[in-house]
Amino acid sequence: MEFLLENILNLIGFLVGLAIGIMSLIGFRNTGSPTLFRLTIAFFSISLGFFVIWAGYTVEDFVIKSGSIERWIQTLGIGIQTVGYFFIAFSHSIKSFFPKSRYFRSVGVLPLFLVSSVQLEHIFRSVSFILLAYGAIETMLSYFENKNKGAISVSVGLGLLALGEFLGWYSFVFPESILYSVSMTIKIGGLIALFIPVSKVPLTKIKFDDDFE
């Protein structure tokens with residue numbers, strides 16, 4: 001039952017990410033915004049990452065039937081998602097890897113223990129957590145400065161994605177728990193939160209960069 005649930009959640013993640021990627025692409029064509037171009041790459045990458053993992057679960061369920069997904073498939077999917085998180089984080093007020101902000105330094109210390117293993121998936125999740133958590137903080141700070149309501153939804157979305165990645169790492173530590181399914185559900189919730197501001201852009205001709213950042 002848990003195997004089926006994880007398969008379904010990855011399929012939902014793929015569809016939600018794909019929908020947001022398509023909306024971002026339409027918005028980019030309407031506005032010519034470089035930010036929307038980066039978001040298009042980001043969400044298509046995230047969607048592809050979910051698809052790779054879902055395909056792995058599907059092949060395992062109907063063909064291999066060994067009872068668990070191949071680890072390299074999981075790692076590949078997470079790695080592709082990390083590329084997407086890189087683009088999505090750097091589309092929201094993030095200007096460099098090493099800013100002077102004390103908020104980034106405080107967040108950056110938290111996931112260092114995650115790189116205690118040589119397994120690539122742990123490293124990918126560490127990088128994802130850093131990018132997403134910092135993106136959430138910087139976007140919320142941007143809201144306090146500009147009072148742009150859309151920034152709240154973006155900050156919540158990035159925060160949920162960061163929490164999902166954090167719990168996803170713990171699902172490897174406790175493989176028999178329901179943490180992975182909880183992680184997937186939270187990440188899907190984060191994508192939906194990000195969908196709210198992105199979905200409004202294709203209907204307008206405004207410059208996304210000016211209003212969103």
Side-chain angles (χ1 to χ4, degrees), residues 1-25 38-89 111 114-133 135-136 157-195 198:
M1 183 64 182
E2 183 178 346
F3 193 89
L4 176 62
L5 177 60
E6 293 173 358
N7 195 358
I8 294 174
L9 289 174
N10 277 288
L11 176 60
I12 294 174
F14 160 66
L15 295 175
V16 172
L18 181 63
I20 304 176
I22 292 173
M23 294 295 289
S24 300
L25 179 60
R38 292 192 295 268
L39 288 176
T40 299
I41 298 175
F43 287 117
F44 279 144
S45 295
I46 294 171
S47 177
L48 179 60
F50 277 113
F51 176 80
V52 168
I53 299 175
W54 170 74
Y57 273 104
T58 301
V59 171
E60 163 57 34
D61 197 22
F62 293 99
V63 180
I64 302 177
K65 299 182 179 180
S66 66
S68 62
I69 186 175
E70 291 288 336
R71 180 55 62 87
W72 70 267
I73 296 178
Q74 184 94 349
T75 302
L76 177 62
I78 293 171
I80 295 173
Q81 289 180 23
T82 300
V83 173
Y85 295 145
F86 172 86
F87 280 100
I88 199 173
L114 300 183
V115 198
S116 59
S117 171
V118 295
Q119 297 183 29
L120 284 177
E121 55 211 277
H122 294 174
I123 298 175
F124 288 147
R125 289 192 185 276
S126 282
V127 173
S128 296
F129 178 82
I130 293 174
L131 291 171
L132 293 168
L158 293 175
L160 288 174
L161 287 171
L163 177 60
E165 287 300 323
F166 186 81
L167 293 179
W169 180 83
Y170 269 104
S171 72
F172 290 111
V173 180
F174 305 103
E176 301 300 324
S177 69
I178 199 174
L179 282 176
Y180 182 78
S181 298
V182 173
S183 166
M184 292 294 302
T185 303
I186 291 175
K187 287 170 65 175
I188 292 171
L191 289 175
I192 293 174
L194 291 172
F195 178 77
V198 173

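Owing to the predicted nature of the structure, the values given are computational and were not obtained by experimental measurement.
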Which heavy atom of [X] sits nearest a heavy atom of [Y], and at what distance?
X: Gly159; Y: Ala136; result: N-CB, 3.7 Å
X: Ser128; Y: Tyr85; result: OG-CD1, 3.3 Å
X: Ser181; Y: Glu6; result: OG-CG, 3.6 Å
X: Phe87; Y: Arg38; result: CB-O, 3.7 Å
X: Ser24; Y: Thr40; result: C-OG1, 3.2 Å
X: Ala42; Y: Gly84; result: CB-O, 3.2 Å

Once you round to the nearest 0.5 Å, how far does [atom1] of [X] lie from [atom2] of [Y]?
X: Met184; Y: Ile178; atom1: CE; atom2: CD1; value: 13.0 Å
X: Leu15; Y: Leu11; atom1: CG; atom2: CG; value: 4.5 Å
X: Thr58; Y: Ile53; atom1: OG1; atom2: CD1; value: 11.5 Å
X: Phe129; Y: Leu161; atom1: CZ; atom2: CG; value: 12.0 Å
X: Leu9; Y: Thr185; atom1: CG; atom2: OG1; value: 4.5 Å

Per side-chain contact (heavy atoms from CB on, under 4.5 Å), Leu191 is matched among Ile186, Leu160, Ile12, Ile46 by Ile46
message = Tell me whether Ser45 contacts the main-chain N or O of Ile41 through its side chain, where contact means a donor paired with an acceptor under 3.5 Å.
response = yes
**Asked** Looking at the rings of Tyr57 and Trp54, which for Trp means the six-membered one, are their centres under 6.0 Å apart?
**Response** no
Those residues at least two apart in sequence (or on a different chain) that pass ring pair (Phe, Tyr, Trp, His ring centres under 6.0 Å) with Phe44 are none
By side-chain contact (heavy atoms from CB on, under 4.5 Å) - contacts of [X] (at least two apart):
X: Phe195; value: Ile20, Met23, Ser199
X: Ser47; value: Phe14, Leu18
X: Val52; value: Leu48, Ile73, Leu76, Ile80

Applied to residues 180-195, the salt bridge (Lys or Arg N to Asp or Glu O under 4.0 Å) test, sequence neighbours excluded, yields Glu165-Lys187
For residues 11-23, the side chain to side chain donor-acceptor pair (under 3.5 Å) pairs (sequence neighbours left out) are none
